[in-house]
Amino acid sequence: MGHEKGRGADMDDALAWDERLAWAYGLISKNPAERAVALDHLASAQKAAAEAVARFNTTLMSLQEQGVEEPYEVPALRSAWEERLRAGARSLPDGVWNSLDHEDIVEWPGLPYALLFLEWEARYPDEWTLAAKEWGTKEKLIRELAVDSVGRDPVARTKLIDLVEIVVRRAYRCKDREYVRVARVVDGPPLRVRLEAARRSENPWAQLHAGYVLWLLDRPDVPNSPVVWRTWLADAQQ
């Protein structure tokens with residue numbers, strides 16, 4: 001029995017994902033009232049998930065105290081584990097954590113919700129930070145989505161281009177530098193037009209971030225490292 005977040009959540013179809021997480025679309029609504037409803041739902045889902053984790057841990061501890069040598073073979077613990085998975089799959093960020101059972105992430109039925117989680121962080125960073133801050137999940141999802149197959153998918157490609165533009169136009173947030181991976185996957189006129197507009201804007205963050213990303217897009221073999229960023233920044237500010 002593994003201990004991965006959300007393990008098993010990617011083993012069913014899109015209808016099951018919608019049944020668990022369709023409410024989360026409210027998190028990216030332009031309507032503050034709809035976002036508030038979704039945030040309340042999320043708080044309840046997170047509470048249920050935390051309670052399921054506590055029950056699992058309590059059951060495991062009890063079995064260990066009793067000296068049970070194979071606690072994970074005990075039906076009560078297996079049941080508590082399955083309940084933990086079910087509860088986590090209805091919450092965020094746990095519900096979008098695991099996608100590793102799919103060779104091609106485009107075939108993963110959780111893909112729309114992975115994109116949703118990233119869009120929520122991009123569009124409403126303060127709400128995301130208060131309700132579901134998980135930098136590791138953000139980094140993991142960006143890296144998993146920065147692959148050619150996702151870049152060729154029309155719906156995902158459009159969403160990723162939107163995300164790159166949002167991110168380059170704001171002050172840097174933790175793990176934003178990972179979006180360079182995405183930019184390289186979706187590189188093309190639609191993205192470059194937006195980046196050039198950001199570079200020419202009056203927003204100082206956009207000028208720097210977009211300029212750096214455009215520079216890297218013209219140099220696909222140059223790594224996106226802190227050293228490269230500092231060197232480019234020093235040159236750009238001369």
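No hydrogens, no waters, no symmetry mates; every other heavy atom, side chains included, goes into these values. Remember, it's a predicted structure, so these values are computed and weren't measured experimentally.
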Side chain to side chain contact (heavy atoms under 4.5 Å, CB included), that's the test. Do Leu60 and Gln64 meet it? Break it down for me. CA-CA 6 Å; Leu60 175 59; Gln64 290 173 334; 3.7 Å; yes

Under 3.5 Å, is there a donor-acceptor pair between the side chain of [X] and the main chain of [Y]?
{"X": "Tyr124", "Y": "Ser29", "result": "yes"}
{"X": "Ser91", "Y": "Asp94", "result": "no"}
{"X": "Ser79", "Y": "Pro75", "result": "no"}
{"X": "Thr158", "Y": "Pro154", "result": "yes"}
{"X": "Arg170", "Y": "Ala122", "result": "yes"}
{"X": "Asn203", "Y": "Arg169", "result": "yes"}
{"X": "Gln207", "Y": "Ser201", "result": "yes"}
{"X": "Gln46", "Y": "Leu92", "result": "yes"}

Going through the distances and angles, do Val168 and Val164 end up as a side chain to side chain contact (heavy atoms under 4.5 Å, CB included)? CA-CA 6 Å; Val168 299; Val164 172; 4.3 Å; yes

When you look at Leu191 and Leu217, which way does the side chain to side chain contact (heavy atoms under 4.5 Å, CB included) test go after all the steps? CA-CA 11 Å; Leu191 175 64; Leu217 290 179; 4.2 Å; yes

Quick check: closest heavy atoms across [X] and [Y], and the distance to 0.1 Å?
{"X": "Ala87", "Y": "Ala52", "result": "CB-CB, 3.9 Å"}
{"X": "Leu141", "Y": "Val96", "result": "CD2-O, 3.6 Å"}
{"X": "Thr59", "Y": "Ala80", "result": "OG1-CB, 4.4 Å"}
{"X": "Ala131", "Y": "Leu39", "result": "CB-CD2, 3.9 Å"}
{"X": "Leu27", "Y": "Trp120", "result": "O-CD1, 3.5 Å"}

Taking atom types as modelled, is there a side-chain donor on Ser62 or Gln66 under 3.5 Å from an acceptor on the other? yes

Side chains of Thr129 and Arg173: donor-acceptor distance under 3.5 Å anywhere? yes

Establish whether [X] and [Y] are linked, either directly or via other cluster members, by ILVMFWY side-chain heavy-atom contacts under 4.5 Å.
{"X": "Leu195", "Y": "Trp229", "answer": "yes"}
{"X": "Tyr72", "Y": "Val68", "answer": "yes"}
{"X": "Leu216", "Y": "Trp232", "answer": "yes"}
{"X": "Val180", "Y": "Val147", "answer": "yes"}
{"X": "Val222", "Y": "Val182", "answer": "yes"}

Let me see the working for Glu134 and Lys138 under salt bridge (charged side-chain N to carboxylate O under 4.0 Å, His left out), right down to the final yes or no. CA-CA 6 Å; Glu134 181 59 65; Lys138 174 183 173 180; over 6 Å; no

When you look at Leu208 and Leu233, which way does the side chain to side chain contact (heavy atoms under 4.5 Å, CB included) test go after all the steps? CA-CA 8 Å; Leu208 286 175; Leu233 185 61; 3.6 Å; yes

Applying salt bridge (Lys or Arg N to Asp or Glu O under 4.0 Å), name anything that partners [X], two or more places apart in sequence or on another chain.
{"X": "Glu196", "value": "Arg199, Arg200"}
{"X": "Glu34", "value": "none"}
{"X": "Glu127", "value": "Arg35"}
{"X": "Arg219", "value": "none"}

Any Lys/Arg nitrogen of [X] or [Y] sitting under 4.0 Å from an Asp/Glu carboxylate oxygen of the other?
{"X": "Lys140", "Y": "Glu144", "answer": "yes"}
{"X": "Glu178", "Y": "Arg181", "answer": "yes"}
{"X": "Arg90", "Y": "Glu19", "answer": "yes"}

Contact check, side chains of [X] and [Y], non-hydrogen atoms, under 4.5 Å:
{"X": "Arg84", "Y": "Trp81", "result": "yes"}
{"X": "Val150", "Y": "Val185", "result": "no"}
{"X": "Leu115", "Y": "Val155", "result": "no"}
{"X": "Leu163", "Y": "Tyr179", "result": "yes"}
{"X": "Leu77", "Y": "Pro71", "result": "yes"}

So, is the end of the Arg20 side chain (NZ or CZ) under 6.0 Å from the ring centre of Trp17 and within 45° of the ring's axis? yes

Atom pair [atom1]/[atom2] of [X] and [Y] - distance to nearest 0.5 Å:
{"X": "Leu145", "Y": "Arg157", "atom1": "CG", "atom2": "CZ", "value": "14.0 Å"}
{"X": "Leu42", "Y": "Trp23", "atom1": "CG", "atom2": "CH2", "value": "4.5 Å"}
{"X": "Tyr113", "Y": "Leu116", "atom1": "OH", "atom2": "CG", "value": "7.5 Å"}
{"X": "Leu118", "Y": "Glu139", "atom1": "CG", "atom2": "CD", "value": "11.5 Å"}
{"X": "Asp218", "Y": "Asp187", "atom1": "CG", "atom2": "CG", "value": "8.0 Å"}
{"X": "Glu82", "Y": "Phe56", "atom1": "CD", "atom2": "CZ", "value": "10.5 Å"}

The criterion is side chain to side chain donor-acceptor pair (under 3.5 Å); which residues satisfy it with Arg55, sequence neighbours excluded? none

Which residues pass the side chain to side chain donor-acceptor pair (under 3.5 Å) test with Asp162, sequence neighbours left out? Arg194

Determine whether the aromatic ring centres of residues Trp128 and Trp135 are separated by less than 6.0 angstrom. yes

